[in-house]
There are 2 protein chains.
Amino acid sequence: MTTMALAPLSPGATIGVLGGGQLGRMIALAAAPLGLKVHIYAPDAHSPAFDVAAERTVAPYEDETALAMFAESVDVVTYEFENVPAETARLVAQHKPLFPGEKALATTQDRLTEKTFLRNLGLPTPNFASVDDRASMAAAVAAVGRPAVLKTRRFGYDGKGQTLVREGVALDAALQMMGGQPAILEAFVPFRAEVSVVAARGRDGGFATFDIVENRHENHILRSSHVPAAVKPETAASAIAIARKIAQALDYVGVFAVEMFLVDGPTGERVVVNEIAPRVHNSGHWTIEGAATSQFEQHVRAIAGWPLGATTTRGRVTMTNLLGAEANRWRELLAEPGTAVHLYGKGEPKPGRKMGHVTRVE
Amino acid sequence: MTTMALAPLSPGATIGVLGGGQLGRMIALAAAPLGLKVHIYAPDAHSPAFDVAAERTVAPYEDETALAMFAESVDVVTYEFENVPAETARLVAQHKPLFPGEKALATTQDRLTEKTFLRNLGLPTPNFASVDDRASMAAAVAAVGRPAVLKTRRFGYDGKGQTLVREGVALDAALQMMGGQPAILEAFVPFRAEVSVVAARGRDGGFATFDIVENRHENHILRSSHVPAAVKPETAASAIAIARKIAQALDYVGVFAVEMFLVDGPTGERVVVNEIAPRVHNSGHWTIEGAATSQFEQHVRAIAGWPLGATTTRGRVTMTNLLGAEANRWRELLAEPGTAVHLYGKGEPKPGRKMGHVTRVE
């Protein structure tokens, strides 16, 4: 790949997206008004993003031939999930620019690498320690204390692969829940609220953030996002400074989210970084109606090498996920003036499955 | 087609769209967030709407087999241009509900039928008379007076198939420009401004209109639309009452536009109907950012049998078409904060071709 390949895209160009879920779908819906085509690559033939894509590849992420053909057919590649296999990313990047780059993926796919990266940047994280076996588990608990959360280092999302280690919990039992996978023990953070910063960094290093978001979770799944967040201006500024530092250190291109805990301490409220999502994020869906530019358009602008868009918030915004059968309320929701309804075109409304979301701007 | 077929659509259903231009493209982009799939039927394999459609048929509008297969594969059919051949509409409607219906198409495809329909409803139109040959041309000019506009009855758009008959113009020469096609002579209306009403009627007869739009044309092509229009409230109310009456008389389902002339007369300003577009309309593009629901979403809601959305205007809105090479300014436009850029994914920026539009909401 030569420097030539890093020229900005022109309208008519094609963005390749690894992953075919609702995030890929909303990226495609944002790319089209900008005159860009999208080629979705996903293993599942029923991927919701296929419905709005100019080109489709149905193949496993390990299919080197399909990946090479995909990469050759597009002008730039991005992804909608952080668990893109490293080998997939490497292969694609041999053919075409990959944004966000391999460093962002490698850093955020592994919780231990991620937390170490954050600590090395001097950013606030919970105490943590690596856990591989009984001995390191005992050492980790001694170092981190209880309560703590034991998490698999890789492939966790929406609370999967996590267990709380309270006072009295048998360490062996907790360890067994990791199924032999490498893990990390993180100090439990007694947070008052959860917030996130959704921001973008352009190819030229330009940075633009949306307003800080307050997030409410239920059963480890995002329930709703609220803007403005109930945080002090200086807290918001410090959260945004953290996000900017992360983006610079990763030489990041695209939209990303940093999830943080809001903690009350002796010196007032402060944020502690929980995790980085190297992609558009559920806590940024409110921007479709609630901000001057949506996170999806912003991501497209960033990876295209285009100017980032304005990020002004348009009012008081609430985004609520439609989980499982809640999406069956679509008709009632469509009848509410001022409620923007988003349905993801997924088949089965399994419990907890993100089927859509609604946004209200007041 | 049984009454059963007229049940409201459910998410996951497919809308068939005849026509693959930017209007079909923007209908598809509005249908997806509502969980609906779109199947685009168009003769040109390079149709911009294909890029965002779940299903595509490339076939002529006269291909009965392809039309039947298309209609059988979808749940409801609509169209993005008013010149759908009557036989095409009839064939499709044998299989699936067609919205807007055949009456809307038949009435608006022929300027003489359309003007007669309007006059029969008691609505203000320019004087007009039918022109088929030299004799009827002479009679028409005697009845309508000069200046007048001679137009082909069918297939005219953006000023094509029109000629101005001023004092001194040879009638034979004007008639020759019609190329032997049936024509209509309409009195020239000395308008102060051009306005349009973009509105929707639901399957249940519910009616919702966007704010009246002021339109500026150049070389018969829409240059820009402005909301609010500089008209008196009672003028706006009378324009909207006209649109409602038209929709009821056509038993209309979907979004439509009524283009009108704003005329200053001895009794103050008034509107005169120019023409009806039985589809989403260029003068409604401002609603994407400028109204609570876009005209495209509104059209989808109407034909799906769903509740119509709120139509509140969000501020002072200007929509400007990007014609031909103007779209080459995309990079500069993308860098303007507050400018929403829409590019239609068309190949050649031929002079006057609608390549995209920009919208500003203040």
Side-chain angles (χ1 to χ4, degrees), chain A residues 8 10-12 14 22 25-26 28-38 48-56 288-289 292-293 297 301 304-312 314 322 327-328 330-347 349 355-357 361, chain B residues 8 10-12 14 22 25-26 28-38 48-56 288-289 292-293 297 301 304-312 314 322 327-328 330-347 349 355-357 361:
Chain A
S10 291
T14 301
Q22 67 266 23
R25 180 175 165 105
M26 289 187 275
L29 289 172
L34 301 176
L36 296 167
K37 296 191 209 314
V38 164
F50 285 146
D51 290 346
V52 290
E55 304 291 339
R56 299 144 207 192
I288 297 176
E289 291 83 17
T293 305
E297 176 173 340
R301 284 172 174 255
W306 291 359
L308 298 180
T311 54
T312 328
R314 287 179 169 150
L322 300 175
N328 297 341
W330 59 271
R331 201 178 160 83
E332 179 189 330
L333 294 165
L334 281 168
E336 286 180 17
T339 295
V341 179
H342 297 260
L343 300 172
Y344 301 151
K346 294 181 179 179
M355 302 298 293
H357 73 269
V361 183
Chain B
S10 291
T14 301
Q22 67 266 24
R25 181 175 165 105
M26 288 187 276
L29 290 173
L34 301 174
L36 296 166
K37 296 190 208 317
V38 164
F50 285 146
D51 290 345
V52 291
E55 304 291 340
R56 299 145 207 192
I288 297 176
E289 290 82 17
T293 305
E297 176 173 341
R301 283 171 173 255
W306 290 358
L308 297 180
T311 54
T312 329
R314 287 180 168 148
L322 299 175
N328 298 340
W330 58 271
R331 201 178 159 85
E332 179 189 331
L333 294 165
L334 282 167
E336 286 180 17
T339 296
V341 178
H342 297 260
L343 300 172
Y344 301 151
K346 295 182 178 177
M355 302 299 293
H357 73 269
V361 184

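Treat the numbers as computed from the prediction; the structure is a model and nothing was measured.
- In this structure, A/R314 CZ and B/E289 CD are separated by 7.5 Å, a value rounded to the nearest 0.5 Å.
- Using a 4.5 Å cut-off between heavy atoms, A/W330 contacts chain B through its side chain alone, with no backbone atom that close.
- Checked against side-chain contact (heavy atoms from CB on, under 4.5 Å), A/E336 has the following partners two or more places apart in sequence or in another chain: A/R329, A/L333, A/T339, A/R360.
- Chain A forms more heavy-atom pairs under 4.5 Å with one residue of B/H342, B/Q22, B/R301 than with any other, namely B/R301.
- Most heavy-atom pairs under 4.5 Å with chain B, from the set A/A32, A/A335, A/A340: that is A/A32.
- In plain terms, the two heavy atoms of A/K37 and B/D51 that are nearest each other are NZ-OD2, 3.2 Å.
- The most heavy-atom pairs under 4.5 Å with chain A, out of B/R56, B/E55, B/R25, come from B/R56.
- Contact of B/A292 with chain A is not made at all, since no heavy-atom distance falls under 4.5 Å.
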Practice prompt. Could you go through the side-chain contact (heavy atoms from CB on, under 4.5 Å) check for B/L334 and A/L34 one step at a time?
Written response: CA-CA 9 Å; B/L334 282 167; A/L34 301 176; 3.9 Å; yes
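- No donor-acceptor pair under 3.5 Å is formed between the side chain of B/R331 and the backbone N or O of A/P307.
- For A/S10, the parts lying near chain B are the backbone and the side chain together; criterion is any non-hydrogen pair under 4.5 Å.
- Only the side chain of A/P8 has a heavy atom closer than 4.5 Å to any heavy atom of chain B.
- Qualifying side-chain contact (heavy atoms from CB on, under 4.5 Å) partners for A/P337, counting only residues two or more places apart in sequence or in other chains: B/A310.
- The residue among B/G356, B/G35, B/A28 with the most heavy atom pairs within less than 4.5 Å of chain A is B/G35.
- Comparing B/G309, B/G12, B/G345, B/A54 by heavy-atom pairs within less than 4.5 Å of chain A, the highest count is held by B/A54.
- With contacts defined as side-chain heavy-atom distances shorter than 4.5 Å, the pair A/P33/B/V341 does not qualify.
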